K.L.:
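Before anything else, here's the structure in question.
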2 protein chains.
Amino acid sequence: MAADAKVEARTARPGSPPPSAPLTERQEARRRRILHASAQLAARGGFDAVQMREVAESSQVALGTLYRYFPSKVHLLVATMQDQLEHMHGTLRKKPPTGETAAERVAETLMRAFRALQREPHLADAMVRALTFADRSVSPEVDQVSRQTTAIILDSMGLGEPGAGHPTPEQLSAVRVIEHTWHSALITWLSGRASIAQVKIDIETVCRLIDLTDPSGTAER
Amino acid sequence: MAADAKVEARTARPGSPPPSAPLTERQEARRRRILHASAQLAARGGFDAVQMREVAESSQVALGTLYRYFPSKVHLLVATMQDQLEHMHGTLRKKPPTGETAAERVAETLMRAFRALQREPHLADAMVRALTFADRSVSPEVDQVSRQTTAIILDSMGLGEPGAGHPTPEQLSAVRVIEHTWHSALITWLSGRASIAQVKIDIETVCRLIDLTDPSGTAER
DNA sequence: ATCAAGTCTGAAACTTGTTCTAGATTAGCG
DNA sequence: CGCTAATCTAGAACAAGTTTCAGACTTGAT
């Protein structure tokens, strides 16, 4: 078919550099199918249930093609996480947190995200395990996830879009620490070593760091 | 059976419940050999270099036996970490940190541990990856590692042995958050996404939480 | 000394992630 | 339209974790 001719890139290699070349419609559709199958398998069964052969089959793609799009299972799951995170960010944007202080708002946002994850614990398992198991070859993708998470947190602090105040180095470090806590607390919850209540407490605890690093009074509404 | 009377346990199943039954000398020796081989392979090559067949061969044990002692690669590496942590705790005990505040002492202790890990980055990689990748079947062992880490931190705060003050719930939460940060920061460093300096800053940042939760003035020397 | 139960060994088999190959399709282009 | 390069497919092949099995060896008890 002479169809979807134009927009095409001969040398499209979806895997290597992130969006190195624009994809044709069919390629975009394949990519979507793959991510969908991945999320679906992950949602019931977690990390182990995402088997590359099954993903390939259920997204109607040859195994080799799957590997061309996502060079490893971890790459695939991290990409799945990116996908879900975008959703989440969009959702959160619509209903911003209402707390008085920045710390409260961040905690509120993270708890909201946590509740979303609780609805699909297996999916959460697959994504988080992939994220922390990722080695250097996945760094760019993991970094992207990290930036996205940072953006969500800064947003909820009120430092997101307006471009008003640049966050101070102390604040950035606090945000990194919050992310660390967030990931690690999720892991302890997923592996059954911490209760939901404990995760909540830890998140609230770490969020207090924010007020501690507030350069002036910007944390207050 | 009135059997397995004395020191020996006929029914010794090293794997299942942690130290369910005492091991014979030869079993103890096997266990040591295995852990040693594991650490050695990990030290050069990290997680991937610890291949079960190689561990078995280089510890002079059949593959099946290796699996009887450690039911999975992750179990093996987590046990390796327990082993190393004991070392570390012993070493740290000898030279307690000297900082003025509890926060300083904890940060000092963690940075010392971090420096030790930097000497064997591959080993650190293997252990930390195993730890965060562990699923529920490894929970007891991972929990043990966590308790050991908590003990080290409480020790350096000055709440360890004396039995003087029980830590408050807030302090325990702060310690948990510190552990979260510690693990997660290690991961970002190991995967090349954060510099040593950044890890240092994050540790110092999170340790400030301690002074924040100090019930009175006990943090001061 | 002998026995029963439990352990260890060596080797093969199975599983799932990853790689490779030959041939069919598709895309961009003159 | 017809060519060429890239992509996709089906399927075999390979690697490392894990399981399984028959037989040799140990251990503690009779």
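All figures in this text were calculated on a predicted structure; none of them were measured in a lab. Residue numbers begin at 1 in each chain, while the letters A, B, ... track the order of the sequences.
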K.L.:
Measure the distance from CD on B:Gln60 to C1' on C:dC8 and round it to the nearest whole Å.
P.N.:
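Between C1' of C:dC8 and CD of B:Gln60: 13 Å.
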
K.L.:
Verify the distance criterion only: is there a donor paired with an acceptor across the side chains of A:Ser139 and B:Ser191 at less than 3.5 Å?
P.N.:
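Side chains of A:Ser139 and B:Ser191: no pair found under 3.5 Å.
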
K.L.:
Is the closest side-chain heavy-atom distance between A:Tyr69 and A:His75 below 4.5 Å?
P.N.:
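They are not in contact (no side-chain heavy atoms under 4.5 Å apart), so the answer is no.
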
K.L.:
Closest approach to the side chain of B:Arg68, judged atom by atom: which nucleotide of D:dT26, C:dC8, D:dT7 is it?
P.N.:
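So the side chain of B:Arg68 is nearest to C:dC8.
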
K.L.:
With the sugar-phosphate defined as primed atoms, P, OP1 and OP2, and the base as all remaining atoms, what B/S/- string results for nucleotides 10-17 of chain C, 5' to 3', for protein heavy atoms under 4.0 Å?
P.N.:
B--B--BB

K.L.:
State, yes or no, whether a side-chain contact exists between B:Ser173 and A:Gln198 at a heavy-atom distance under 4.5 Å.
P.N.:
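When only atoms from C-beta onward are counted, A:Gln198 and B:Ser173 do not touch, as no gap falls below 4.5 Å.
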
K.L.:
A:Ile178 versus A:Leu110: any side-chain heavy-atom pair under 4.5 Å?
P.N.:
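A side-chain contact exists here, since the closest heavy-atom pair is under 4.5 Å.
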
K.L.:
For A:Phe133 and B:Phe47: C-alpha separation, side-chain torsions, deciding distance, then whether ring pair (Phe, Tyr, Trp, His ring centres under 6.0 Å) applies.
P.N.:
CA-CA 10 Å; A:Phe133 190 59; B:Phe47 189 90; 5.3 Å; yes

K.L.:
Quick check on D:dC8: is either OP1 or OP2 less than 4.0 Å from any side-chain nitrogen or oxygen of A:Gln27?
P.N.:
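True: A:Gln27 side-chain N/O within range (under 4.0 Å) of D:dC8 OP1/OP2.
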
K.L.:
What's the CG-C1' distance between B:Leu66 and C:dC8, to the nearest Å?
P.N.:
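The answer, rounded to whole Å, is 12 Å.
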
K.L.:
Should the ring pair A:Phe114 and A:Trp182 be called parallel, tilted or perpendicular, given that the plane angle runs from 0 to 90° and is split at 30 and 60?
P.N.:
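It falls in the perpendicular class, over 60°.
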
K.L.:
Check the distance between D:dC8's C1' and A:Ile34's CD1 and give it to me in whole angstrom.
P.N.:
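That distance rounds to 11 Å.
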
K.L.:
When you measure from the side-chain N and O atoms of A:Tyr69 to the phosphate of D:dT7, is any distance below 4.0 Å, counting only OP1 and OP2?
P.N.:
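For A:Tyr69, the contact criterion (side-chain N or O under 4.0 Å from OP1 or OP2 of D:dT7) is not met.
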
K.L.:
Check each residue of residues 125-137 of chain B for a non-hydrogen atom within less than 4.0 Å of any atom in DNA chain D, then write out the ones that pass by number, or none.
P.N.:
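Residues of residues 125-137 of chain B that come under 4.0 Å of DNA chain D do not exist, since none gets that close.
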
K.L.:
How close or far is atom P of D:dT19 from atom NE2 of B:His75, stated in whole angstroms?
P.N.:
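Taking atom P of D:dT19 as the reference, NE2 of B:His75 is at 11 Å.
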
K.L.:
Tell me, do A:Arg32 and A:Leu35 make a side-chain contact under 4.5 Å, heavy atoms counted?
P.N.:
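Yes; the side chains approach each other to less than 4.5 Å.
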
K.L.:
For B:Ser146 and B:Glu179, does a side-chain donor sit closer than 3.5 Å to a side-chain acceptor?
P.N.:
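Yes, side-chain donor-acceptor contact under 3.5 Å.
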
K.L.:
Starting from C1' on C:dT7, measure out to CD on B:Glu28 and report it in whole angstrom.
P.N.:
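The distance from CD of B:Glu28 to C1' of C:dT7 comes to 16 Å, rounded to the nearest Å.
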
K.L.:
Report yes or no: do B:Ser184 and A:His180 form a side-chain donor-acceptor pair below 3.5 Å?
P.N.:
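The criterion, which ignores hydrogens and geometry beyond distance, is satisfied for A:His180 and B:Ser184.
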
